[in-house]
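Lettering follows sequence order; numbering is per chain, from 1.
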There are 2 protein chains.
Amino acid sequence: MKPAIPANTVERLSLYRRLLEAWLEKGTTSLYSHQIASMACVTPAQVRRDLMAIGYTGSPSKGYSVDALEESIGLFLGSDRVRKIALVGMGNLGRALTTYFTSRVPRFRMAAAFDTDPRKTGRVIAGCMVYGIEEIPRIIPAEGIRTAVLALPADSAQEMADRLVNAGIKGILNYAPVPLRLPADVFLENRDVTASLEKVAFFSGQPREGS
Amino acid sequence: MKPAIPANTVERLSLYRRLLEAWLEKGTTSLYSHQIASMACVTPAQVRRDLMAIGYTGSPSKGYSVDALEESIGLFLGSDRVRKIALVGMGNLGRALTTYFTSRVPRFRMAAAFDTDPRKTGRVIAGCMVYGIEEIPRIIPAEGIRTAVLALPADSAQEMADRLVNAGIKGILNYAPVPLRLPADVFLENRDVTASLEKVAFFSGQPREGS
DNA sequence: GTAACGCTGTTACTGTTTTCACAACACTCA
DNA sequence: TGAGTGTTGTGAAAACAGTAACAGCGTTAC
């Protein structure tokens with residue numbers, strides 16, 4: 001994976017876009033880089049460079065046109081179309097994510113969920129149909145899903161990832177607390193909750209349980 | 001925040017530690033950097049460098065002693081003591097995180113949760129006592145909690161973060177989809193779910209809803 | 001005994017990401 | 001008109017992260 005655009009930039013663009021949407025509602029027509037920067041808590045130079053990356057150009061006098069920029073970022077990120085997402089692991093986290101996306105982020109649609117637990121399969125949970133694991137090779141290509149979220153225990157994560165990749169998945173957002181070994185052409189983002197908390201706790205300084 | 005140790009290294013150390021625990025159970029006494037690297041899906045040089053950062057020294061002939069290294073990382077990360085964590089927002093995500101940590105990661109203890117919803121406050125949910133927001137200034141210092149997790153909607157995130165910081169919180173793991181403006185001495189880690197998914201979807205190549 | 005091997009610890013390097021700094025330009029206001 | 005202000009776009013520099021390379025040294029083989 002050798003992205004022409006840095007992954008961090010993509011993440012920030014997603015944020016800018018959401019911020020711009022709010023300003024669009026308010027009827028603001030243009031914004032300067034330092035205003036966007038202030039909202040996003042980054043430097044103005046960072047904003048300008050990120051926008052340069054997608055080739056969007058503002059005007060020195062007016063700044064950036066809110067609606068044109070919002071549209072440009074949207075086009076770049078492909079947000080003009082609803083994206084189908086697959087979920088593996090309809091546990092607590094899987095349910096929370098599905099509920100969140102379904103109710104708050106219409107751009108992403110949980111098109112299919114998979115779980116090993118027969119009490120969960122064959123039903124609609126949190127607005128998403130839950131299939132058995134063995135359905136992965138059928139559903140993923142049929143639905144044309146390329147992106148998956150892994151929200152399951154450590155022990156089965158690698159196996160499920162392999163199955164997803166075999167079914168054609170090209171990007172995995174991994175919430176399982178294990179590193180995954182994947183082909184180089186599959187994009188992987190690890191969001192290990194324990195590691196995140198460990199990091200924050202570490203930099204929070206010395207905590208203590210006793211006393 | 002000017003960490004002597006890179007944040008990425010801390011995250012990897014957390015991972016190494018978990019991997020080592022598994023080997024400890026199996027009775028393995030020593031491992032080479034390339035073995036650890038392989039499990040963690042990083043390069044051997046990276047492993048050696050990370051261990052150098054915490055001052056742990058292996059032996060060229062035996063590699064690293066599994067139990068001594070596990071203990072060293074544990075000491076460095078402060079994992080020898082249980083850490084108390086505060087949670088703000090006992091929604092779906094908050095519940096999932098609490099359940100996960102309570103059942104799987106005993107090193108972190110959800111010591112207190114806070115929520116605005118009066119139907120949730122005053123009760124124990126997912127093994128964690130839920131207090132009203134107004135209790136933050138009382139509970140946080142009383143419990144000596146320095147680390148907090150934010151799992152709530154965008155609109156109230158900044159206000160809750162401010163309250164936490166005023167109560168003495170020094171590190172925040174933010175799952176709310178907004179950037180937070182915090183004093184420089186408070187460590188902040190953003191885990192914006194939408195931005196993560198946007199990134200993965202982007203690098204998954206061209207997805208489509210229609211056809 | 002000693003040569004060869006393989007690993008660690010560390011330094012030098014490479015590549016990427018972020019910040020800095022400034023030329024170029026539009027607009028304002030006298 | 002023309003100086004002054006404030007912004008963008010971008011080259012250059014700095015900071016950072018990760019990789020490669022290698023000296024040093026037990027260990028092993030013979």
- Task: Write down the distance between CE (A:Met52) and C1' (C:dC22), rounded to a whole number of angstrom.
- Result: 15 Å
- Task: Could you tell me the separation between the CD atom of A:Gln46 and the P atom of C:dT16, rounded to a whole number of Å?
- Result: 17 Å
- Contact under 4.0 Å: B:Ser33 side-chain N or O vs C:dT8 OP1/OP2: yes
- Salt bridge present between B:Arg107 and A:Glu198 (N-O < 4.0 angstrom): yes
- Would you say B:Glu189 has more than 12 foreign heavy atoms packed within less than 6.0 Å of its CD? yes
- Item | Presence of B:Ser61 side-chain N/O under 4.0 Å of D:dG26 phosphate oxygens OP1/OP2 | no
- Query: Does the distance from a Lys or Arg side-chain N to an Asp or Glu carboxylate O, for B:Asp192 and A:Arg18, drop under 4.0 Å?
  - Reply: yes
- Query: Are B:Arg12 and D:dG18 close enough that a side-chain N or O sits under 4.0 Å from OP1 or OP2?
  - Reply: yes
- What is the nucleic acid contact for B:Thr9, judged by heavy atoms within less than 4.0 Å: base, sugar-phosphate only, or nothing? nothing
- Query: B:Lys199 NZ to C:dT17 C1': how many Å, rounded?
  - Reply: 13 Å
- Can you tell me how far P of D:dC25 sits from NZ of B:Lys62, to the nearest Å? 19 Å
- C:dT19 phosphate, OP1 or OP2, under 4.0 Å from A:Thr43 side-chain N/O: yes
- Query: D:dT10 base to A:Arg49 side chain: any donor-acceptor pair below 3.5 Å?
  - Reply: no
- Could you tell me the separation between the OH atom of B:Tyr32 and the P atom of C:dG9, rounded to a whole number of Å? 13 Å
- Message: Taking side-chain contact (heavy atoms from CB on, under 4.5 Å) as the criterion, tell me which of B:Leu19, B:Asp67, B:Thr29, B:Leu69 meets it with B:Leu24.
- Response: B:Asp67
- Task: Compare all side-chain heavy atoms of B:Phe114 with those of B:Ile140 and state whether any distance is below 4.5 angstrom.
- Result: yes
- Note on the structure: Here the distance between atom C1' of D:dG6 and atom CG of A:Leu31, to the nearest Å, is 16 Å
- Query: How long is the line joining CD of A:Gln35 and P of D:dT7, in whole Å?
  - Reply: 8 Å
- Could you tell me the separation between the CG atom of A:Asp50 and the P atom of D:dT10, rounded to a whole number of Å? 14 Å
